[in-house]
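In what follows, chains are A, B, ... by sequence order, proteins preceding strands, each numbered from 1.
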Protein chains: 2
Amino acid sequence: MSRKPRVRSGSGVTMHDVARAAGVSAITVSRALNQPQQVSPALRDKVMQAVDALGYVPSRSASTLASARSRTVLVLIPSLGNTVFLDTLAGIETVLAEAGYQMLIGNSHYDADQELQLLRAYLQHRPDGVLLTGLSHAAPFDDLLRRHGLPAVYMMDLADDGRCCVGFSQEEAGAAITRHLLERGKRRIGFLGAQLDERVMKRLAGYRAALAEAGCHDAGLEWLDPAPSSMQMGADMLDAALAARPDCDALFCCNDDLAIGALARCQQLGIAVPARLAVAGFNDLQPAAWCTPSLTTVATPRREIGIQAARALLAMIEGDAPQALRLDLGFALMLRRSS
Amino acid sequence: MSRKPRVRSGSGVTMHDVARAAGVSAITVSRALNQPQQVSPALRDKVMQAVDALGYVPSRSASTLASARSRTVLVLIPSLGNTVFLDTLAGIETVLAEAGYQMLIGNSHYDADQELQLLRAYLQHRPDGVLLTGLSHAAPFDDLLRRHGLPAVYMMDLADDGRCCVGFSQEEAGAAITRHLLERGKRRIGFLGAQLDERVMKRLAGYRAALAEAGCHDAGLEWLDPAPSSMQMGADMLDAALAARPDCDALFCCNDDLAIGALARCQQLGIAVPARLAVAGFNDLQPAAWCTPSLTTVATPRREIGIQAARALLAMIEGDAPQALRLDLGFALMLRRSS
DNA sequence: TTGTAGGCGTTATCAC
DNA sequence: GTGATAACGCCTACAA
C-alpha cells in the first residue's frame, strides 16, 4: 500500500536520480561534488555529466540537516542605507564567496531589540558563524550567541575583553580630527551628533577628551539628536548651533551626511568656511571630495574591515585559529578645504 | 549496538525535546508554533513555556526539507552600492518580514553571468519565489527559472509579454526629462551615460525619441561609457563633452551621481548653470536637493516598487492571484535650479 | 484536538 | 575507491 507521492521542491531532481543516471550510488555523487579527489576520474566525469544533463541542484537544507553545517554566515548591520556598511558587506562578500560560504544579511535599523529578533529568526538557518557590528548588544543577544556556541567577530570597533574584533578606535579617531581643528587655531569647536549609536558616542568621547586636553571643552557646544542623520538634519543643526552659540568657530559632525548638509547651509547663508567656521565630517564618503568646499573628514577602512573580519570568522569556523584576535586597521585624516 | 551520536546543530534542542518537556507529542509542538489555533490553549501554553525554557529554535532546514517550502524569497539586484536598489530592498523587506518570509539577497554586479551563477547558488536554498531587477537576463537564466517552476516578479521596468512586472517606463521617463529641457529652450541637448545597463539604454532611447520628435537629435552629443558611474566620471565626461562640443547647451545624465559630478565641475570651471548649460539627472537621490545649484532630476518610486513587487510575488506563491499583473507606478519630474 | 508512521534529500559511519 | 545503512529535525497524511 503506497501512499500519495509528496510534492517535491526544486526541479525535483535528487541526488539519487543523478546516481541512477550515472550508474553509481548516491554517496558517490555526493563525494564527486564535495570531495572530488576521493572519487576516480572516470566516475567523477560520469557523475558530472549526469548532473549537467539532469540540471541537478543540490538541496542545501538536506545538506545542512545531514552535516550540521550550513556553510552560511550571518551578518548583522545597523543599516542598509549607509555606505559605510555596504562597503563592509562588499568586503565580506568577496571573502565568503571564495570560500563557498553564503551570507545572510540582517538589518537591525540601529535597534537592539530588532537585532535580537533578527538573530532569533536567522538562527533557524543554523549559520556557522556571525559577523556583528559594534560591541554592545542586548543582554539576551549575547546569551543566545553563547548558548548556540556560535563563533562571532565584532566589526568596526575594538574590544579589550578577548572578543574577536576587527576595526579601529572610534574614540581615537574622534580625538584626532578634533586635534586637527585645534591645530587650525579653532577654540570653540562644536559637535553635531545624530543617531547616537555606540560609535557616535565614542567619537564624542574622543572629541571631549581632545578638547579637555587643550583646556577648551565646553558642554554648551554639543548638539545631539537621536534621530537618523541626513543632510537636512545637518542643515537644521547648523542653524540651531549658530543661533545658540554664534561664537562657535568649528564643527565636528559625527558623519559626512550631517557635515555636507551643514556645509550646504553655510553656502546659502554666506558663512565663510573655514575662516569663520571650519567643518569636519566622518567616514569620507564619495561626496566629501565633491562638495563645495571639499570636506575635511576621517577615512575609515570599512571594506578592509569586512575582508579581515570574514577571514577571521572563517578561521574560527574551520577551527584553524582557536584564539581570538584584535585587529586594529586604523583610520586616516583627509584634510580638505573645509578646515 | 548503537552508533556514535552525531554532532547536533544549533543549541541541540529539538522539537522532540520540547515535546517531552511539555508532555505532548512532537506534532503538537509543531502545530502550537505554526497553527496555534489548532491547539488547545492549555497545551499551547505548556508548549510555549517549554520552548522558552529550553531556548528552542526550530530548524529551517528540517522544515524546508519536510514541507518543500522554504518561506524564503530570492532577490537579485545589480548593485548594493546604489541607493536605488537599497530603497527597493527596504520596501521588499517590510512586506516579506510581515509575512514571515526571509529574503536572500544576491548582488550581480551588473553582470548577467554572475547573475546566473547567483541563481544557481541560491537555488540550493529552494526559494519559493524570485524578485528580479530588469527584464533582460541570460538565456540559461530564464531556462533555469522555468525548469524550477519558480514564481518571478520583474522590478523597475515594464514588460509586455505577460511577465509579472512592477515599475515604470524607463523610456518615457527619459523622454519626459528631455522634453523638459526642450521646453526650457535648449536645443543641443547632450546625454551622459555610464554603466549602460538595460535601463540606461532605455532612458537613452527615450531621450532620442524626444529629440527626434523636436527635430533636434544629434548623435554627436551622446557620450557613453560602460564603466560604473561615479561623480568623478561625471566631472570627466563633462570635460570631454564640452571639449568636443562647446555648443552643447544642456546635459541629461543617466543618473544623479554623474549629474552631481558634472555640476561640481561646472562650478569649478565657472560655467553658468543653467544659463549656459542646463543639467538634469535621474533618480532623485538625497544630494540632488542639496548640491549647488540644486539638481533637476526624475524621482522614481523605488521603495513602492519593492513593496508592490513583494506583494505580487507572495500572492503568486500562495496561489491567490494566478494571473500575472503589470503595475506601472510612474515617475515624477523634480524641477530645480540646474535647469 | 491529538497522536502515529513514514519520508523529505543529504551525509557520517562503518564495511568491503 | 565505493557502497549500504542509518541518522539529521521536521511535516504531511492518515487515524483515533
Side-chain angles (χ1 to χ4, degrees), chain A residues 1-20 22-47 51 54 56-72 123-126 148, chain B residues 1-20 22-47 51 54 56-71 123-126 128 148:
Chain A
M1 301 254 307
S2 75
R3 309 206 171 185
K4 269 188 196 167
R6 295 246 216 125
V7 184
R8 286 207 173 173
S9 60
S11 59
V13 180
T14 77
M15 192 174 264
H16 276 96
D17 299 330
V18 176
R20 203 173 309 126
V24 299
S25 73
I27 189 66
T28 300
V29 175
S30 174
R31 283 197 274 249
L33 291 172
N34 300 318
Q35 299 138 20
Q37 74 285 10
Q38 286 194 25
V39 176
S40 68
L43 282 192
R44 204 162 56 207
D45 288 350
K46 265 200 214 167
V47 169
V51 164
L54 298 178
Y56 168 67
V57 179
S59 161
R60 204 89 165 187
S61 302
S63 170
T64 298
L65 194 55
S67 67
R69 299 194 63 207
S70 62
R71 295 201 150 264
T72 275
L123 276 178
Q124 299 188 357
H125 291 290
R126 302 290 187 265
H148 283 254
Chain B
M1 299 243 317
S2 72
R3 307 202 171 188
K4 268 188 196 170
R6 293 242 214 132
V7 184
R8 286 206 174 172
S9 59
S11 58
V13 180
T14 78
M15 192 174 264
H16 275 96
D17 298 330
V18 176
R20 203 172 310 128
V24 299
S25 72
I27 189 62
T28 301
V29 175
S30 174
R31 284 196 275 249
L33 293 172
N34 300 319
Q35 298 137 21
Q37 75 283 13
Q38 286 194 25
V39 176
S40 67
L43 282 192
R44 204 161 56 207
D45 287 350
K46 264 200 215 165
V47 168
V51 165
L54 298 178
Y56 169 66
V57 178
S59 161
R60 204 89 166 189
S61 303
S63 168
T64 298
L65 194 55
S67 67
R69 298 194 65 207
S70 63
R71 295 201 152 264
L123 276 178
Q124 299 188 356
H125 292 278
R126 302 290 187 265
D128 295 333
H148 283 255

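A heavy atom lying under 4.0 Å from DNA chain D marks the following residues of residues 26-40 of chain B, by number: B:I27, B:S30, B:N34.
Taking atom NZ of residue B:K46 and atom C1' of nucleotide C:dT1, one finds them 14 Å apart after rounding to whole Å. Atom CZ of B:R60 and atom P of D:dC11 are 10 Å apart (whole Å). To the nearest angstrom, P of C:dT10 lies 12 Å from CZ of A:R20. A straight line from CZ of A:R44 to P of D:dT2 spans 10 Å, rounded to a whole angstrom. One atom, NE2 of B:H16, and another, P of D:dC8, lie 10 Å apart when rounded to the nearest Å.
Comparing D:dC10, C:dG3, C:dT10 by their nearest atom to the side chain of B:T14 picks out D:dC10. Distance from the side chain of B:A66 is smallest for C:dG7 among the nucleotides C:dG7, D:dT12, C:dG9. When each of C:dT10, D:dC10, C:dG3 is scored by its nearest atom to the side-chain atoms of B:V24, the top-ranked nucleotide is C:dG3. For A:M15, the listed nucleotide lying nearest its side chain is C:dT10; candidates were C:dC8, C:dT10, C:dA12. When the nucleotides C:dG3, D:dC10, C:dG9 are ranked by their closest atom to the side chain of B:L65, C:dG9 comes out on top.
The distance from atom OG1 of A:T64 to atom CZ of A:R126, rounded to the nearest 0.5 Å, is 10.0 Å. Atom CZ in A:R71 sits 5.0 Å away from atom CZ in A:R69 (nearest 0.5 Å). Rounding to the nearest 0.5 angstrom, the gap separating the CZ atom in B:R60 from the CG atom in B:L65 is 14.0 Å.
Not counting sequence neighbours, B:S40 has no partner by the side chain to side chain donor-acceptor pair (under 3.5 Å) test. Listed by chain and number, the residues in a side chain to side chain donor-acceptor pair (under 3.5 Å) with A:S70 are A:D128 (sequence neighbours excluded). For A:T28, the side chain to side chain donor-acceptor pair (under 3.5 Å) partners at least two apart in sequence or on another chain are A:S25.
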List the atom pairs, donor and acceptor, that lie under 3.5 Å between side-chain atoms in residues 32-39 of chain A and the rest of the protein, sequence neighbours left out.
| from | atom 1 | to | atom 2 | distance (Å) |
| --- | --- | --- | --- | --- |
| A:N34 | ND2 | A:S30 | O | 3.2 |

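Dashed line: the shortest gap from a side-chain N or O of A:S59 to OP1 or OP2 of C:dG9 is not under 4.0 Å. Residue A:S63 has a polar side-chain atom (N or O) positioned under 4.0 Å from OP1 or OP2 of C:dT11.
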